[in-house]
Amino acid sequence: MDCNKRPESMERITTKELANAFIDEQVELVRKQVGDKKVLLALSGGVDSSVVAALLIKAIGKQLVCVHVNHGLMRKGESQGVIDMFQGELDANLIYVDATDRFLDLLAGVSEPEKKRKIIGKEFIEVFADEARKLEGVSFLAQGTIYPDILESIKAAEGKKAVKSHHNVGGLPEDLKFELVEPIKLLFKDEVRVVGEALGLPHAMVYRQPFPGPGLGVRCLGAITRDRLHALREADAILREEFDNNGLAGKVWQYFIAVPDIKSVGVKDESRYEGWPAIIRAVNTTDAMTATIEEIPYEILHKITYRITHEVEGINRVLLDLTPKPIGTIEWE
Ligand code: XMP
């Protein structure tokens with residue numbers, strides 16, 4: 001039997017009962033597979049890696065070693081949230097690596113989007129491999145692979161061209177040979193969320209909007225600088241707060257700020273004030289292959305504009321991106 005093929009008889013996990021049955025089955029399978037060995041997991045804080053972490057903590061407790069790499073391109077408060085949840089609440093064995101300088105130094109002056117993506121993806125693997133080499137007795141690598149990833153790689157193997165190089169932990173160096181543990185690889189995203197909630201993860205974590213592997217790196221457009229990255233992170237936090245406060249968070253699939261590398265002239269305290277524009281992107285989609293624009297009430301847009309231009313140093317305009325996918329991709333880079 002091809003273990004990467006979802007059996008036709010497999011029932012769609014839509015309820016807590018079905019999720020619990022799946023969890024019990026996977027807990028048994030994982031214990032059988034890994035015995036008393038250690039398992040390593042790159043925990044980004046995204047839905048898939050978080051659900052795998054919670055599942056493996058249930059199955060093997062401290063035999064799971066989670067590594068959270070902060071590439072310096074996380075959203076505001078995000079790494080702290082991962083630490084609070086997994087180290088604080090779930091008592092996980094978690095290694096936190098602040099690799100901000102490694103990433104930002106490598107990215108300095110690089111403006112070409114695919115080059116940026118490649119640098120971030122490659123460096124991520126290197127930082128993770130460096131941590132893995134420091135550990136002893138680890139034989140397994142857990143991954144948050146889900147069924148669409150498998151379908152996607154089949155498509156790639158058939159020679160269909162990808163629009164962007166997506167980043168995932170894969171392709172570790174030769175000296176690091178691990179056996180894979182992929183407990184959710186036959187699940188679709190909606191099922192992963194049901195399983196996550198059954199494992200006790202908070203609703204907000206399980207239903208959080210997707211965040212690209214290269215993080216804010218593909219939203220700080222062109223060559224990344226620390227000051228513009230900081231402005232982007234602050235503006236994005238305001239956008240998310242206002243979407244939360246105004247009931248939009250559950251309605252819009254993905255929303256974020258992008259900040260291009262251009263400045264315009266503004267005026268502040270009766271003086272010339274040059275700043276970057278913050279671009280709001282808010283889209284709805286079912287599969288991320290196409291996307292439509294969500295209409296945001298003007299009243300809320302005015303409030304967001306006021307707050308961003310008054311609270312974020314360096315931003316003097318707010319723009320709204322009305323482009324569907326296609327023709328625009330969801331991310332700008
Ligand atoms: P695009 O920009 O291609 O994005 O329309 C489609 C969806 O994928 C997300 N995205 C990524 N997700 N690694 C990921 O895991 C990546 O490198 C990556 N790049 C884009 C994007 O946020 C959107 O939800």
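Whatever order the structure lists ligands and atoms in, that order sets their numbers, starting from 1. Bear in mind that the values here come from a model prediction, so they are computed numbers and not experimental data.
- Relative ring orientation between Tyr96 and His68 is described as parallel, the plane-to-plane angle staying below 30° on a 0-90° scale split at 30° and 60°.
- When heavy-atom distances to ligand 1 are checked against a 4.0 Å cut-off, Pro210 comes that close only through its side chain, counted from C-beta outward.
- Judged purely by distance below 3.5 Å, without hydrogens or angles, the side chains of Lys185 and Asn4 pair a donor atom with an acceptor atom.
- Residue contacts with ligand 1, taken as heavy atom pairs separated by less than 4.0 Å, do not involve Phe256 at all.
- Ligand 1 has no nitrogen or oxygen under 3.5 angstrom from a nitrogen or oxygen of Ala288.
- Between Arg219 and ligand 1, no pair of N/O atoms sits closer than 3.5 Å.
- Checked against a 3.5 angstrom limit, the closest N/O atoms of Gly213 and ligand 1 fall inside it.
- Atom NZ of Lys164 has more than 12 heavy atoms from other residues, nucleotides or ligands within 6.0 Å.
- Heavy-atom proximity to Trp253, at under 4.0 Å, picks out these atoms of ligand 1: 24 (O).
- Residue contact check: Pro214 has heavy atoms under 4.0 Å from atoms 16 (C), 17 (O) of ligand 1.
- Other residues, nucleotides and ligands place no more than 12 heavy atoms under 6.0 Å from the NZ atom of Lys58.
- The closest heavy-atom contact to atom 23 (C) of ligand 1, among the options Arg117, Gln254, Glu333, Gln209, comes from Gln254.
- Residue Thr329 approaches ligand 1 through these ligand atoms, each under 4.0 Å from one of its heavy atoms: 1 (P), 2 (O), 5 (O).
- In this structure, Arg281 forms no cation-pi arrangement with Tyr255, as its terminal cationic atom is not both closer than 6.0 Å to the ring centre and no more than 45° off the ring axis.
- Glu197 and His203 share a donor-acceptor pair across their side chains, judged by distance under 3.5 Å alone.
- Residue Lys325 places at least one N or O, backbone or side chain, under 3.5 Å from an N or O of ligand 1.
- For Lys263, the NZ atom counts as densely surrounded, since its 6.0 Å shell holds more than 12 non-hydrogen atoms of other residues, nucleotides or ligands.
- Listed by atom number, the atoms of ligand 1 under 4.0 Å from Lys164 heavy atoms are 1 (P), 2 (O), 3 (O).
- Ion pairing between a basic and an acidic side chain is recognised when a charged N comes within 4.0 Å of a carboxylate O; Arg117 and Glu112 show no such pairing.
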